[in-house]
Amino acid sequence: GDDASRATAPGGASSVDPAADAGQLFRLLVGEGGLLQLDKLASVTADLNLDFSQEDLQHMISLFDSNGQGALGLDDFTAIVRAAATA
């Protein structure tokens, strides 16, 4: 296999790049070039047994929606994942 794509942390342990994983997850959810709309975000969080109200999810979208589309693009979604990973 090609191990060049894996980052290695000090001590030789593999580390995971949250942004790379976010991109893969995003494309699985909405396809290439798609947008993550409120209804899809609500469906995904419910499937994961995460308890968010529609208002909470809409607020999350508006906080990270960088271009005012009312939905999350890949860059917006990646920003959420990075923020959560460093919290």
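- Other residues, nucleotides and ligands contribute over 12 non-hydrogen atoms within 6.0 Å of the CG atom of Asp47.
- For Arg82, the CZ atom counts as loosely surrounded, since its 6.0 Å shell holds 12 or fewer non-hydrogen atoms of other residues, nucleotides or ligands.
- Residues satisfying the side-chain hydrogen bond (donor to acceptor under 3.5 Å, both in side chains) criterion with Thr86, sequence neighbours excluded, are absent altogether.
- Taking Ile, Leu, Val, Met, Phe, Trp and Tyr as hydrophobic and joining them when side-chain heavy atoms fall under 4.5 Å apart, one finds Leu48 in a cluster with Leu25, Phe26, Leu29, Val30, Leu36, Leu38, Leu41, Val44, Leu50, Phe52, Leu57, Met60, Ile61, Leu63, Phe64, Leu72, Leu74, Phe77, Ile80, Val81.
- Taking Asn67 as the reference, Gln69 meet the side-chain hydrogen bond (donor to acceptor under 3.5 Å, both in side chains) condition, with sequence neighbours excluded.
- Taking every heavy atom of both residues into account, Asp76 and Ala71 meet most closely at OD2-O, 3.9 Å.
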